[in-house]
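Note that the coordinates shown come from a computational prediction; the quantities given were computed from them, not determined experimentally. What you see below is based on every heavy atom in this structure, not just the backbone, and it leaves out hydrogens, waters and symmetry mates.
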Amino acid sequence: MLALTGCADDDVGGNETGDSPDPTGGGECTEMIDIGPADESACAPAASDYQPQANAEGDPWPACAPDDGSYPLIADTPSSIARVEAFEEVMTLLAGTPDSTAFTEARAAYSVDEGLESRVVRREDLHYPEIPEADWDPGVDPDKQCSVEANVTKYPERCAGPARIGPIVTEAFAAGQTGEGVPEIHTARIEAALLWFLHLSVYKEANTCLLTEKDCDSSWAYYTGGFDRNGGIGLAEEIRRLTEMGHNRIWDGFAAARCWRELYPIEDYPTYDDVPAEGQMLLDNAYAQLDTALWYGWSRVIRERIERQGGLCGVESEANIAFLKIAGPVLSEQAERMDPAAAAPLADLWAADAPTADQLQAAVDTIDAMFGCP
């Protein structure tokens, strides 16, 4: 069982909206624990899934270019790769115990023209309802309505980038630059928020390649950073380190969107309504396949951070919990969409100022039960 020991006054509070843990807490430690790896032995693709490397044996999908397990680009090399590289640069600059100069340099890497920040501040979470057309700004493209301040305020869940992710990153950078608080905690918050952005971006770009085919390439780029299936930086590196199977299932998911766009060229099928019923079914299956795989990968990231808590003390403990209090509620939102009652132990953990052994263990059990396979 996981147990916390140390000073009773230590505060490891905070939440996904921007509050940092108390930087004055010092001696609290977590007892060593080995939760053990998740059991993936019973996991198998659904019958409807696109399985590129098994295509020769037959799946519901006609043959297409990604069938060999690769990702052939539809268009030019996507600029999204540079944004994933910027994430890596930010995290490299903030490694260890960064000083104010490091935070300033990292913020500059984050804020370059048309760079990472430019997409964070308009990223939508497609798991929430679209902004009603009545609230659209007619001078703004339909897919950029979350750049409209009134929509950000009215629809914060849909406008996750500007309403939820961006403020966390901005506040953490500002605190690091001014020397306020604990730098490791600011770094953890930036990492969690930017991984959240990458996670949303993979799914969003796969969806919008229905209308803009090069967005299929951006989905691949936001996940891999421009690498093939056996590599990856950013989100791919994080997930592949934890679950090779989950990593491959995500690959198969965005490859499914790429395959679909090849089978139904945009010149002939420019909108969903133009696609015949069998094509609509394939596309719906592709999105579901990718979404399930992405949530599985995200759940492994959260599970590993909970397990990592064992043996951590002081600032390391607080920084890890700071990460969990941002990244964890993202998983809770999906769990609550699936089964609100079953998801309750996750919400209990993120709400706790000082997580108990039982809360940590219950969260792992919940993750394993709700996100058992991709």
Side-chain angles (χ1 to χ4, degrees), residues 1-6 8 10-22 25 28-40 42-43 127 164 168 185 188-189 191-193 195-196 199-200 235 238-239 241-243 245-246 291-314 316-374:
M1 225 18 184
L2 198 61
L4 299 177
T5 60
D10 289 347
D11 180 4
V12 290
N15 57 53
E16 70 274 23
T17 62
D19 298 331
S20 295
D22 179 359
E28 188 166 306
C29 297
T30 307
E31 183 179 328
M32 291 295 295
I33 183 173
D34 182 9
I35 294 174
D39 183 6
E40 298 180 335
C43 295
H127 299 94
R164 307 174 71 190
I168 294 172
I185 292 174
R189 291 166 56 73
E191 180 183 17
L195 284 173
W196 179 7
H199 175 263
L200 292 183
L235 187 61
E238 184 76 3
I239 291 175
R241 177 177 64 85
L242 302 172
T243 168
M245 182 197 69
D291 198 35
T292 298
L294 281 167
W295 283 119
Y296 180 80
W298 192 255
S299 77
R300 298 307 96 183
V301 172
I302 304 306
R303 189 186 192 277
E304 191 266 347
R305 290 284 181 153
I306 294 173
E307 183 175 12
R308 186 187 300 185
Q309 192 64 30
L312 294 183
C313 302
E316 287 186 340
S317 174
E318 292 176 349
N320 193 58
I321 292 174
F323 180 99
L324 283 169
K325 283 183 174 290
I326 291 170
V330 178
L331 186 67
S332 283
E333 291 175 10
Q334 175 63 9
E336 288 164 6
R337 284 187 283 265
M338 296 163 63
D339 187 337
L346 296 177
D348 290 345
L349 177 58
W350 321 136
D353 286 340
T356 66
D358 287 345
Q359 287 173 322
L360 289 159
Q361 187 65 56
V364 170
D365 293 343
T366 301
I367 289 171
D368 288 349
M370 300 191 74
F371 301 94
C373 290

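Q334 is not listed as a side-chain neighbour of W298, based on a closest heavy-atom distance of 4.5 Å or more. You'll find the side chain of H127 reaches within 4.5 Å of the side chain of R337, heavy atoms only. S317 places a side-chain heavy atom less than 4.5 Å from the side chain of Q309. Looking only at side-chain heavy atoms (C-beta outward), I367 and I306 come within less than 4.5 Å of each other.
What you find for F371 and S299 is that their closest heavy atoms are CB-OG, 3.5 Å. When every heavy atom of A363 is checked against every heavy atom of L349, the shortest pair comes out as CB-CD2, 3.5 Å. The minimum heavy-atom distance between Q359 and A352, with the atom names listed, is OE1-CB, 3.5 Å. Listed here is the closest heavy atom pair of C373 and A42: SG-C, 4.4 Å. Across all their heavy atoms, A343 and A335 have their closest contact at CB-CB, 3.5 Å. In this structure, I239 and G246 approach most closely via the heavy-atom pair CG2-C, 4.5 Å.
Only one option out of V330, L200, L235 pairs with L195 in a side chain to side chain contact (heavy atoms under 4.5 Å, CB included); it is L235.
The distance from the CD1 atom of I168 to the CH2 atom of W196 is 5.5 Å, given to the nearest 0.5 Å. Once rounded to the nearest 0.5 Å, the distance linking OH of Y296 with CG of D291 reads 15.5 Å. Note that the CD atom of E336 and the CG atom of L331 stand 10.0 Å from one another [nearest 0.5 Å]. Separation of atoms CD1 (I302) and CG (L346) is listed at 9.5 Å; rounding is to 0.5 Å. For the atom pair NZ (K325) and CZ (R305), the distance works out to 15.0 Å, reported to the nearest 0.5 Å. Distance check, rounded to the nearest 0.5 Å: CD of E318 to CD1 of I185 gives 4.5 Å.
For E304, the salt bridge (Lys or Arg N to Asp or Glu O under 4.0 Å) criterion is met by R241, R308, not counting sequence neighbours. D368 pairs by the salt bridge (Lys or Arg N to Asp or Glu O under 4.0 Å) definition with R300, R303, not counting sequence neighbours.
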Quick one: do V364 and E307 satisfy side-chain contact (heavy atoms from CB on, under 4.5 Å)? Show the steps, please.
CA-CA 8 Å; V364 170; E307 183 175 12; over 6 Å; no
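Residue-environment remark: CD (E40) exceeds the threshold of 12 foreign heavy atoms within 6.0 Å.
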